[in-house]
Amino acid sequence: MELFTTRVSMQEHLCIEQKPDPASVVIFGGWGDLTKKKLLPSLFNLYKKKLLPEKFYAIGVLSYLDSPATDEDYRYRAFEVLGEGGDEEAFSEKLHYVPGRYDDPATYKALADKLSALDKANGEKPRHIFYLAVPPAFFPKIIKGLSAVGLTAKCPEGKTHCPIVVVEKPFGQDLASAKALASELRGLLDEDQIYRIDHYLGKETVQNILMLRFANAIFEPLWNNKYIEHIQITVSEDIGVGSRAGYYDKAGCLRDMFQNHMLQILSLITMEPPAVFEAERYRQEKFQLLKAIRPFDARGIEKWIVRGQYEAGEISGADVAGYLEEEGIDTRSNTETFVAMKVMVDNWRWAGVPFYLRSGKRMKERVSEVAVYFKRVPHSIFPMVPPEMLTQNLLVLNIQPLEGISLTLEAKRPGPKACLGALTLDFDYRTIFGVTPPEPYERLLLDAMLGDQSLFISTDGLEAAWMLLDPVLKNWVDGDGADLHRYEAGSWGPDAANELIKRDGFFWRTS
Ligand code: BG6
């Protein structure tokens, strides 16, 4: 295959970035994994890029156990996770700490006092963002605690800078529990105060799906069942369950990856353009799309969905244990670590186009991509070259670890008159822009400070995704587990997943 390098005109870029009005971030789970690995480093990056408001501050709330005693101790700890940058000292000055148990009213009183003292010292009232980096069982408890001291007061009409609450998945275990949790949150907060994170939506390459589709005139006319044959979405991971056995064995791949990331990517690929990129309209379009996905028929579900679980194998030359041997996993567990599914979108644009989605742990490689296969030319004008011998146009949106786009075309090769061959135009973010794209949490934290809900999951969207997957989960629970296919760690998943796509005459891209 030949390679073209794409030229990018750096003069013609158009960047719009807003700096938020005064804001503060209160992190419950102030020394949890997410805070250490993502939230503090992302806030620090925003600081270094001068994207935080001038008078920004953050407060870590953590229980007394294993907690520092003063702001100074908390700052000292934070140094461990901020990485290099030269500005650690100045940034850490913005960090504060409140100790206390989440079920103790005194914690919220202390927090309210601290917020009021800091706001007074800063001379302005910022938007308060409460980030719940804790398991969902704590959500209602914490929000009630905040609300009891008036920290999450609902927003009067027309008022901006209202307090908001950011929550992390899992948003329920099934449709019923997701609805119960959503209604509990809605009882305490307005919809425009609830920011549900899906970190995939913060990835540059995922956001680029919308830019590519709706900021160019050349793709949209082809983006339908007339020109597209099928689409594959792959999010494969080479890591196993790691230290998250307790969570993962209860969740499984369908809840962990499909209920959120996979369906979100699918909806970005397939949604209709909103008239304007504005949170409510954009989320409404995604919701409409999710509603248009054909429900899975419980009878013969194997034709549509395959689940698997990894066995011992080898990844990059190293032996790895099977799922049932992993620490903390029940040795009789029926939890799936892999899912492949065929999805149909029953609307005018997509009728008849199959979408194949797969995701799993301990697979051969870490790859996230969307592969759009265009239909073949209807007729070949080249003598002795039938249309099926011409390369099928393929557009690949690389989400990670490759970050870019590639387009495969058929083209003339030098030499004989009728000499054709595949060419791939490749665009790679890092090479072209010479920078590492920002962490998804940077974008999402910034948007939360800006009060922009576009990249967060709405209650409607959440429930629509659960509605689709709930019958599948029920089917698996009620079944005898016979449909759980084993696959070797380091493979591309179980054979049944290959059969799923092969039945329609297609193949997974990398298998
Ligand atoms: C998380 C899942 O939401 O996404 C993890 O809980 C998964 O199981 C992770 O590993 C993948 O995210 P990324 O950004 O590494 O692709």
Side-chain angles (χ1 to χ4, degrees), residues 29 32-39 41-42 45 131-136 166-173 178 195-209 233-268 307-310 315 320 323 326-329 333 335-339 357-370 397-404 429-430 436-445 455-457 461-462 465-466 469 489 493 510:
D33 238 31
L34 183 72
T35 307
K36 287 189 275 187
K37 289 193 183 139
K38 302 289 182 194
L39 303 181
S42 297
N45 283 343
Y131 200 120
L132 310 196
V134 291
V166 182
V167 287
E168 282 278 341
K169 79 168 181 26
F171 310 120
Q173 273 288 304
Y195 284 57
R196 290 186 192 86
I197 288 246
D198 181 321
H199 78 280
Y200 263 64
L201 295 180
K203 290 183 191 273
E204 290 276 308
T205 42
V206 172
Q207 289 170 52
N208 194 33
I209 296 174
I233 302 178
T234 298
V235 176
S236 64
E237 297 185 275
D238 53 5
I239 54 166
V241 69
S243 56
R244 299 163 73 222
Y247 153 75
Y248 195 87
D249 205 35
K250 283 200 204 80
C253 182
L254 195 76
R255 292 186 180 95
D256 187 48
M257 296 299 289
F258 281 75
Q259 195 281 329
N260 36 69
H261 314 321
M262 299 297 282
L263 287 180
Q264 286 300 318
I265 299 175
L266 176 67
S267 51
L268 294 180
R307 62 171 169 159
Q309 188 186 74
Y310 64 84
I315 295 185
V320 295
Y323 182 70
E326 300 269 20
E327 207 182 318
I329 300 294
S333 172
T335 299
E336 79 289 353
T337 60
F338 171 95
V339 172
L357 280 56
R358 65 175 167 166
S359 178
K361 296 221 180 272
R362 284 286 189 232
M363 292 177 66
K364 195 173 176 66
E365 278 168 37
R366 176 173 182 248
V367 178
S368 298
E369 64 171 35
V370 179
L397 312 179
N398 305 110
I399 296 172
Q400 64 189 24
L402 272 179
E403 294 171 311
Y429 263 92
R430 289 173 201 244
T436 311
E439 263 286 327
Y441 278 91
E442 289 177 38
R443 175 77 268 149
L444 297 170
L445 281 163
L455 302 182
F456 297 82
I457 310 293
L462 175 75
W466 273 120
L469 300 183
T510 38

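In listed order, ligands and their atoms are each counted from 1.
- Those atoms of ligand 1 with a heavy atom of Tyr200 less than 4.0 angstrom away are 12 (O), 13 (P), 14 (O), 16 (O).
- The protein heavy-atom contact nearest to atom 7 (C) of ligand 1 is Glu237 OE2, 3.4 Å.
- Minimum interatomic distance between Asp198 and His261 (heavy atoms only, all atoms of both residues): OD1-ND1, 2.7 Å.
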For this session: Dump the intermediate steps for side chain to side chain donor-acceptor pair (under 3.5 Å) on Glu336 and Tyr310, then the final yes or no.
Result: CA-CA 8 Å; Glu336 79 289 353; Tyr310 64 84; over 6 Å; no
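- Judged as a salt bridge (Lys or Arg N to Asp or Glu O under 4.0 Å), and not counting sequence neighbours, the contacts of Lys169 are Asp256.
- For atom 2 (C) of ligand 1, the nearest non-hydrogen atom from the set Asp256, Asp198, Ile399 belongs to Asp256.
- In summary, the atoms of ligand 1 found under 4.0 Å from a heavy atom of Lys361, numbered by their order in the structure, are 5 (C), 7 (C), 8 (O), 10 (O).
- The two residues Pro170 and Pro136 make their nearest non-hydrogen contact at O-CG, 3.0 Å.
- None of Lys364, Arg358, Lys361 except one satisfies the salt bridge (charged side-chain N to carboxylate O under 4.0 Å, His left out) rule with Glu237; the exception is Lys361.
- The shell of residues lying under 4.0 angstrom from ligand 1, judged by heavy atoms, excludes Tyr248.
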Problem set entry | Glu403/Asn398 under side chain to side chain donor-acceptor pair (under 3.5 Å): CA gap, chis, key distance, verdict | CA-CA 5 Å; Glu403 294 171 311; Asn398 305 110; over 6 Å; no
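- Numbered from 1 in the order shown, with element, the atoms of ligand 1 that lie under 4.0 Å from a heavy atom of Lys169 read 1 (C), 2 (C), 3 (O), 6 (O).
- Ranking protein heavy atoms by distance to atom 5 (C) of ligand 1, first place goes to Arg244 NH1, 3.3 Å.
- Residues that satisfy the ring-ring contact (aromatic ring centres under 6.0 Å, His included) test with Tyr441, not counting sequence neighbours, are absent from this structure.
- If you check which protein heavy atom lies closest to atom 15 (O) of ligand 1, you get Arg366 NH2, 3.8 Å.
- With a 4.5 Å cut-off on side-chain heavy atoms, Phe456 and Leu201 do not count as touching.
- Less than 4.0 angstrom separates some heavy atom of Gln400 from each of these atoms of ligand 1: 13 (P), 16 (O).
- Among Lys38, His261, Glu168, Lys203, the residue whose heavy atom lies nearest to atom 14 (O) of ligand 1 is Lys203.
- Of all protein heavy atoms, the one closest to atom 12 (O) of ligand 1 is His199 NE2, 3.1 Å.
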